[in-house]
Amino acid sequence: MKKYKEKYKTGMIFRSKKYPWTDLVIDFVSYTRGSETAYTFNMNSIIDWVRINEEAFDKHISVVKGIDYNKVKNHEVNTFPYPFFGEMHQKSMDNYIRKYEMEFCGMSDKEVIVFNDDAFEYCSGFKK
């Protein structure tokens, strides 16, 4: 069984100087290590993330959608198509980081729990 690169770990923080509304932390990862091809590995990888700069995100939504900032800040309006949290495959995360010129800035201080770490699967998330 071939091992593929598991690039992302729970707690990784990525920031963009140019687009601060995109700043995020990875809050859950899951890799299927039993994949036979790189494509299958990528499609079975799950990277969950959440934005960490809520104020910049709210300001960005207010500007691009033309909505009053206070309505966005108070969660009175839908932010679609701009999610505050989501999930991606590993390749999609690579492309997102490249698109928004993001840099790895360190690890979160939150406690991480590894749910499974064996030959077939790895998954971890933040402790609640």
Side-chain angles (χ1 to χ4, degrees):
M1 185 170 13
K2 199 173 189 181
K3 179 154 168 84
Y4 298 99
K5 188 171 184 180
E6 299 170 2
K7 290 173 97 172
Y8 301 104
K9 299 290 181 199
T10 300
M12 293 177 89
I13 297 171
F14 291 91
R15 294 187 185 275
S16 171
K17 291 177 182 159
K18 192 172 180 182
Y19 308 99
W21 66 274
T22 63
D23 296 355
L24 59 84
V25 63
I26 295 173
D27 61 353
F28 176 83
V29 297
S30 176
Y31 295 108
T32 304
R33 292 175 169 164
S35 301
E36 293 184 16
T37 66
Y39 175 79
T40 306
F41 176 79
N42 180 57
M43 294 310 290
N44 289 332
S45 63
I46 300 170
I47 317 295
D48 285 2
W49 54 269
V50 63
R51 302 216 190 270
I52 54 177
N53 193 342
E54 189 169 4
E55 183 179 351
F57 177 78
D58 291 347
K59 286 179 182 176
H60 175 75
I61 297 302
S62 177
V63 170
V64 298
K65 293 189 79 172
I67 300 171
D68 179 56
Y69 172 72
N70 289 322
K71 285 187 175 187
V72 177
K73 183 179 176 186
N74 295 329
H75 308 288
E76 296 173 22
V77 294
N78 190 327
T79 64
F80 182 82
Y82 304 96
F84 190 76
F85 57 89
E87 75 178 39
M88 298 181 189
H89 300 298
Q90 187 166 270
K91 188 73 173 166
S92 299
M93 183 63 82
D94 292 345
N95 293 338
Y96 189 83
I97 288 169
R98 191 176 313 108
K99 177 180 179 179
Y100 290 106
E101 303 172 22
M102 301 178 89
E103 296 176 2
F104 172 67
C105 294
M107 299 296 286
S108 171
D109 293 335
K110 290 183 179 179
E111 187 177 348
V112 174
I113 296 177
V114 175
F115 302 110
N116 197 11
D117 187 4
D118 59 27
F120 300 101
E121 180 186 27
Y122 173 86
C123 67
S124 66
F126 284 134
K127 184 175 184 177
K128 297 282 179 197

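For clarity, every value in this text was computed on a predicted model and none was experimentally measured.
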Here the gap from Lys91 atom NZ to Phe41 atom CZ, rounded to the nearest 0.5 Å, amounts to 12.5 Å
Taken to the nearest 0.5 Å, the spacing of Phe84 CZ from Leu24 CG works out to 10.5 Å
- Item | Common cluster, Ile46/Phe120, ILVMFWY with side-chain heavy-atom separation under 4.5 Å | no
Minimum side-chain heavy-atom gap His89-Asn95 below 4.5 Å: no
### Query
Applying the 4.5 Å side-chain criterion to the ILVMFWY set and letting contacts propagate, would Val114 and Met12 be lumped into a single cluster?
yes
d(Ser45 OG, Tyr4 OH) to nearest 0.5 Å is 12.5 Å
Q. Is the charged tip of Lys99 near the ring of Tyr19: under 6.0 Å from the six-membered ring centre and within 45° of its axis?
A. no
CD1 of Ile113 to CZ of Phe126, rounded to nearest 0.5 Å, is 11.0 Å
Determine whether a donor-acceptor pair (N or O, by modelled atom type, separation under 3.5 Å) exists between the side chain of Arg51 and the backbone of Pro83.
yes
The reported gap from CD1 in Ile26 to OG in Ser108 (rounded to nearest 0.5 angstrom) is 11.0 Å
- Message: For Tyr31 and Ile47: C-alpha separation, side-chain torsions, deciding distance, then whether side-chain contact (heavy atoms from CB on, under 4.5 Å) applies.
- Response: CA-CA 9 Å; Tyr31 295 108; Ile47 317 295; 3.6 Å; yes
Nearest heavy-atom contact between Ala119 and Arg33 is O-CB, 3.1 Å
Is a donor on one side and an acceptor on the other found under 3.5 Å between the side chain of Thr10 and the backbone of Val112? no
Heavy-atom donor-acceptor pair, Gln90 side chain to Lys5 backbone, under 3.5 Å: yes
Fill in: Common cluster, Trp21/Val63, ILVMFWY with side-chain heavy-atom separation under 4.5 Å
no
Would you say Ile52 ends up clustered with Phe28 if hydrophobic residues are merged whenever their side chains have heavy atoms under 4.5 Å apart, either directly or through other cluster members? no
Examine distances only and state if a side-chain atom of Thr79 and a backbone atom of Tyr82 form a donor-acceptor pair shorter than 3.5 Å. yes
Nearest heavy-atom approach of Phe14 to Met102 is O-CE, 3.6 Å
Interatomic distance, CE@Met43 vs OG1@Thr37, rounded to 0.5 Å, equals 10.5 Å
query: Have Thr32 and Ser35 got a donor and an acceptor in their side chains that come within less than 3.5 Å?
result: no
Worksheet entry | Polar side chain donor-acceptor pair, Tyr100 to Asp23, under 3.5 angstrom | no
Exercise. In this structure, are over 12 heavy atoms from other groups packed under 6.0 Å from Lys9 atom NZ?
Worked result: yes
Exercise for the section: Examine distances only and state if a side-chain atom of Lys65 and a backbone atom of Phe80 form a donor-acceptor pair shorter than 3.5 Å. Expected result: yes
Ser62 (side chain) donor-acceptor with Ile67 (main chain) under 3.5 angstrom
yes
Decide whether Ile61 and Phe85 are clustered together by the hydrophobic rule: side chain heavy atoms of Ile, Leu, Val, Met, Phe, Trp, Tyr closer than 4.5 Å, transitively.
yes
